[in-house]
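A short worksheet on the structure shown next.
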Amino acid sequence: PDWASYTLGVFICLSCSGIHRNIPQVSKVKSVRLDAWDEAQVEFMASHGNEAARATFESKVPPFYYRPKFSDCQLLREQWIRAKYERQEFVHVEKQEPYSTGYREGLLWKRGRDNGQFLSRKFVLTEREGALKYFNKNDAKEPKAIMKIEHLNATFQPAKMGHPHGLQVTYLKDNSTRNIFIYHEDGKEIVDWFNALRAARFHYLQVAFPGASDADLVPKLSRNYLKEGYMEKTGPKQTEGFRKRWFTMDDRRLMYFKDPLDAFARGEVFIGSKESGYTVLEGLPLSTQGHHWPHGITIVTPDRKFLFTCETESDQREWIAAFQKVVDRPMLPQEYAVEAHFKHKP
């Protein structure tokens with residue numbers, strides 16, 4: 001960390017220093033190397049520091065609240081810094097109400113499934129009913145969709161959605177993955193929604209797994225995708241041409257879409273572990289034809305081979321690494337049930 005906030009007494013990295021500059025009433029920033037420091041400022045840094053700041057400003061972070069990493073999007077990092085230092089939400093518990101009461105409702109912009117337009121929709125999250133619901137009209141009695149907390153995931157997708165506050169919510173509908181894309185103009189609002197969803201998942205899992213510790217449950221509250229991007233694929237007979245599709249690797253589900261913002265996947269492939277007969281190979285079978293991109297990947301499953309091609313070698317390497325990570329991980333008992341369902345999919 002080459003930067004420091006000399007009013008908070010903490011050292012920070014370059015990208016967070018930009019966020020700190022936006023809250024000058026709380027945090028004033030200097031370069032550790034390039035700026036002049038007077039004695040009083042140096043003494044202040046020496047008597048405070050990051051650990052002391054954490055002890056104060058993070059004393060009451062709820063276990064479900066998402067703590068961003070350096071690789072997370074700007075929005076999550078900015079709202080964490082504002083929540084921590086500007087609003088002091090983790091010092092004053094009453095300020096955590098927007099995401100910790102088990103109920104939340106409000107308007108969000110939601111992308112239309114068919115026309116791609118974003119329209120204002122009323123959303124209601126209720127832990128009591130174990131669901132997130134949305135309504136096409138504010139006064140509608142019946143929700144347009146009910147998403148069970150049990151199968152819900154939320155992940156920020158600013159680049160894919162073309163909006164810095166874009167959130168992708170997925171849930172299972174008839175055991176297929178359904179995507180909805182939402183945002184709010186106010187960064188705090190959408191991050192509060194995200195943490196409210198994580199809180200609901202946390203409380204659901206506490207009931208479902210009564211013996212589990214917070215440390216066991218927190219990684220299950222929401223997940224980012226292992227990898228996303230374009231590849232080409234061919235069908236089961238491997239005689240038809242290869243088509244370019246958008247792929248998302250979500251845990252053990254490899255889904256492909258015609259468009260990155262489609263509501264439903266065109267198909268889903270379950271990727272099990274090597275113990276269950278799954279392997280990942282670089283390249284394609286020698287007889288393969290009809291592909292435009294040169295860098296092939298073959299996934300061997302107990303039932304068939306899936307063939308994919310990547311445009312660049314680095315894409316191929318990243319996809320193989322993502323698949324290998326999944327194949328190397330032993331399957332959990334509940335994953336065998338998911339695998340069995342995939343085998344019987346029409």
Side-chain angles (χ1 to χ4, degrees), residues 1-38 40-62 64-100 104 106-109 118 154-168 181-199 222 224:
D2 280 347
W3 295 80
S5 165
Y6 62 89
T7 50
L8 293 168
V10 294
F11 292 93
I12 51 181
C13 70
L14 175 64
S15 66
C16 287
S17 73
I19 299 169
H20 277 257
R21 275 183 207 282
N22 291 336
I23 46 171
Q25 68 283 14
V26 177
S27 184
K28 293 201 165 31
V29 174
K30 277 190 176 193
S31 165
V32 171
R33 300 169 193 274
L34 305 174
D35 289 323
W37 288 75
D38 63 44
Q41 290 167 342
V42 174
E43 278 173 21
F44 184 80
M45 293 299 296
S47 63
H48 287 74
N50 293 47
E51 276 185 33
R54 265 198 293 274
T56 303
F57 294 107
E58 294 182 25
S59 61
K60 295 178 179 140
V61 183
F64 58 78
Y65 195 97
Y66 187 78
R67 294 169 177 261
K69 298 182 283 297
F70 73 94
S71 54
D72 279 311
C73 64
Q74 169 85 3
L75 173 72
L76 277 170
R77 287 183 296 117
E78 177 178 355
Q79 288 304 319
W80 166 255
I81 288 167
R82 287 183 179 276
K84 183 167 147 179
Y85 296 119
E86 184 183 38
R87 300 191 290 268
Q88 297 194 5
E89 288 176 22
F90 314 128
V91 178
H92 308 289
V93 178
E94 67 279 6
K95 293 189 175 182
Q96 298 174 12
E97 217 169 88
Y99 44 80
S100 60
R104 185 178 168 91
L107 297 174
L108 293 167
W109 293 99
F118 280 89
T155 175
F156 279 99
Q157 293 276 20
K160 186 160 97 172
M161 289 175 60
H163 193 287
H165 303 166
L167 186 69
Q168 178 175 351
F181 299 95
I182 54 178
Y183 71 86
H184 195 288
E185 294 293 0
D186 183 322
K188 177 186 186 299
E189 287 290 316
I190 196 71
V191 172
D192 283 351
W193 271 104
F194 176 63
N195 281 303
L197 291 171
R198 285 175 58 87
S222 63
N224 295 330

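We count residues from 1, following the sequence as given.
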Is any side-chain heavy atom of [X] closer than 4.5 Å to a side-chain heavy atom of [Y]?
{"X": "W3", "Y": "C16", "answer": "no"}
{"X": "P158", "Y": "Q74", "answer": "no"}
{"X": "W109", "Y": "E185", "answer": "yes"}
{"X": "Q25", "Y": "E86", "answer": "yes"}
{"X": "Y65", "Y": "R198", "answer": "no"}
{"X": "H163", "Y": "H184", "answer": "no"}
{"X": "P62", "Y": "Y99", "answer": "yes"}
{"X": "L8", "Y": "V26", "answer": "yes"}

Going through the checks in order, is the side chain to side chain contact (heavy atoms under 4.5 Å, CB included) test met by W193 and I182? CA-CA 11 Å; W193 271 104; I182 54 178; over 6 Å; no
Working for side chain to side chain contact (heavy atoms under 4.5 Å, CB included), residues F11 and M45: CA-CA 9 Å; F11 292 93; M45 293 299 296; 3.7 Å; yes
All pairs passing side chain to side chain donor-acceptor pair (under 3.5 Å) where residues 41-52 contributes a residue, at least two apart: K30-Q41
Side chain to side chain contact (heavy atoms under 4.5 Å, CB included) against P164, all qualifying residues, sequence neighbours excluded: none
Can you check side chain to side chain donor-acceptor pair (under 3.5 Å) on R87 and Q96, steps first, answer last? CA-CA 10 Å; R87 300 191 290 268; Q96 298 174 12; over 6 Å; no
Quick one, I190 with F156, criterion side chain to side chain contact (heavy atoms under 4.5 Å, CB included). Give me CA distance, side-chain angles, the key distance, then yes/no. CA-CA 10 Å; I190 196 71; F156 279 99; 4.0 Å; yes
Working to the nearest 0.5 angstrom, can you tell me the gap between [X] [atom1] and [Y] [atom2]?
{"X": "K95", "Y": "S100", "atom1": "NZ", "atom2": "OG", "value": "13.5 Å"}
{"X": "D186", "Y": "H165", "atom1": "CG", "atom2": "NE2", "value": "7.5 Å"}
{"X": "I19", "Y": "Y85", "atom1": "CD1", "atom2": "OH", "value": "11.5 Å"}
{"X": "R67", "Y": "W80", "atom1": "CZ", "atom2": "CH2", "value": "4.5 Å"}
{"X": "I81", "Y": "I12", "atom1": "CD1", "atom2": "CD1", "value": "7.0 Å"}
{"X": "H20", "Y": "R82", "atom1": "NE2", "atom2": "CZ", "value": "10.5 Å"}

Ignoring hydrogens, what is the shortest heavy-atom contact between [X] and [Y]? Give both atom names and the distance.
{"X": "G9", "Y": "F44", "answer": "N-CE2, 3.5 Å"}
{"X": "A154", "Y": "L197", "answer": "CB-CD1, 4.0 Å"}
{"X": "A53", "Y": "V10", "answer": "CB-CG1, 3.3 Å"}
{"X": "P98", "Y": "K188", "answer": "CG-NZ, 4.0 Å"}
{"X": "W37", "Y": "S31", "answer": "NE1-O, 3.0 Å"}

Is R77 reaching over with its side chain to a backbone N or O of D72, donor-acceptor style, under 3.5 angstrom? yes
Just by modelled atom types, is the S5 backbone N or O under 3.5 Å from a matching donor or acceptor in the S27 side chain? no
Pair F194-Q79, side chain to side chain contact (heavy atoms under 4.5 Å, CB included): steps then yes or no: CA-CA 12 Å; F194 176 63; Q79 288 304 319; over 6 Å; no
Identify, with sequence neighbours excluded, every residue that meets salt bridge (charged side-chain N to carboxylate O under 4.0 Å, His left out) alongside R21. none
E58, CD atom: more than 12 neighbouring heavy atoms under 6.0 Å: yes
